[in-house]
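What follows is one structure encoded as structure tokens, with my remarks underneath.
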Amino acid sequence: MFDTSPQLDCAGRLLVLDRARVMGIVNVTPDSFSDGGAHDTLEAAVAHGLQLAGEGADILDIGGESTRPGAEEVGVEEELRRVIPVIERLARETALPISVDTSKPEVMRAAVAAGAGMINDVCALRRDGALDAAAELGVPVVLMHMLGEPGSMQAAPEYDDVVGEVHRFLTQRIFAAEMAGIAKKNLVVDPGFGFGKSSQHNLALLAQLGRFAELGVPLLAGLSRKRTIGELTGREQPRDRVHGSVAAHLVAVQRGARIVRVHDVAATVDALKVWQAVDAQALPRTA
Ligand SMILES: Nc1nc2ncc(COP(=O)(O)OP(=O)(O)O)nc2c(=O)[nH]1
């Protein structure tokens, strides 16, 4: 349990961070690395979102463009076509907060109008117009670190000090967001596992996740089914990386993450229930 309980007001739907929260992934894409094509129709995406809600997700993250290395770019109109109907339906059919996984300001605006209450931007509002859009929309924003662009980021990522460099980047993006008029209480940061990082870089970030607490905003971690998990476990297929992903997210929560972004909600919820039961025991009993 956490000593303070920051909460994110996602367009009236509160995400209370009194304990680690689970963000369920709904990729409405034909080419996402682990579930591409599985939920790329409106009905399939809505059904998947409802399933994740039933499994205990605290928030649903709707994405219309794969960010995997080498993924093809998706235009605004196509991304809108993919995600807006799904957001509208899920906003009606669940009481959960909904985030939109996009870097495009046009999609941010339309998604919030359709019922999304959070922006999850892997580009940390660096696209033209994104800072202003997020400031005007007034919903919480996830600022994630990415080295370069999806198309090139995994080529040969190099850092002198990956934790220090990611920390500096996120510090700069928090400053930029505040200068644009976004309240710090509406910001979440994310080191961007797999976005321009080798497995060694990812492991260093995970091991030193506690350093990001200095930024003074909640931390999100997203390692679900990613290549590093596959390399550590020998699991070639992303769908076979559930156990490794749960272990990685448990470590992330132990080291300060307050939101974990996952494909496998039920497994993660169960693991966090065990962690939280033990963590509750650790608090000094007040009289
Ligand atoms: N904040 C945040 N957002 C993210 N969005 C997409 C992916 C990539 O994973 P996935 O959505 O499973 O795959 P794809 O991008 O191929 O759809 N990872 C993150 C992440 O780590 N953090």
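Treat the numbers as computed from the prediction; the structure is a model and nothing was measured. Each ligand, and each atom within it, is numbered from 1 in the order the structure gives.
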Tyr159 and His201: aromatic ring centres closer than 6.0 Å?
yes

Identify every side-chain donor-acceptor pair in residues 166-177 under 3.5 Å, counting partners at least two apart or on other chains, and give the distances.
residue : atom : partner : partner atom : Å
His167  : NE2  : Glu214  : OE1          : 2.9
Thr171  : OG1  : His167  : O            : 2.8
Arg173  : NE   : Ala124  : O            : 2.9
Arg173  : NH2  : Ala124  : O            : 3.1
Arg173  : NH2  : Leu125  : O            : 3.1

Residue Arg211 excluded, over 12 heavy atoms near CZ under 6.0 Å
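Atom CZ in Arg211 is crowded, with more than 12 foreign heavy atoms closer than 6.0 Å.
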
Run through all N or O atoms in ligand 1 and write down each protein N or O closer than 3.5 Å, as a pair with its distance.
residue  : atom   : partner : partner atom : Å
ligand 1 : 1 (N)  : Asn120  : OD1          : 2.8
ligand 1 : 1 (N)  : Asp190  : OD2          : 2.8
ligand 1 : 3 (N)  : Asn120  : ND2          : 3.1
ligand 1 : 5 (N)  : Asp101  : OD2          : 2.8
ligand 1 : 5 (N)  : Arg261  : NH2          : 3.4
ligand 1 : 11 (O) : Asn27   : ND2          : 3.1
ligand 1 : 11 (O) : Arg261  : NH1          : 3.4
ligand 1 : 11 (O) : Arg261  : NH2          : 2.8
ligand 1 : 12 (O) : His263  : NE2          : 2.9
ligand 1 : 15 (O) : Thr67   : N            : 2.8
ligand 1 : 15 (O) : Thr67   : OG1          : 2.6
ligand 1 : 16 (O) : Phe33   : N            : 3.0
ligand 1 : 16 (O) : Ser66   : OG           : 2.7
ligand 1 : 17 (O) : Asn27   : ND2          : 3.3
ligand 1 : 17 (O) : Ser32   : OG           : 2.5
ligand 1 : 18 (N) : Lys226  : NZ           : 3.1
ligand 1 : 18 (N) : Arg261  : NH1          : 3.4
ligand 1 : 21 (O) : Gly222  : O            : 3.3
ligand 1 : 21 (O) : Lys226  : NZ           : 2.7
ligand 1 : 22 (N) : Asp190  : OD2          : 2.6

Backbone N or O of Ile182 within a donor-acceptor pair of the Asn186 side chain at under 3.5 Å?
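No; judged by distance alone, with no hydrogens or angles, the pair does not exist.
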
Provide the closest heavy-atom pair for Pro157 versus Gly196 in the form atom of the first, atom of the second, distance.
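Heavy atoms only, the tightest pair is CB-O, 3.3 Å.
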
Salt bridge check: are Arg261 and Asp101 linked by an N-O gap of less than 4.0 Å?
yes

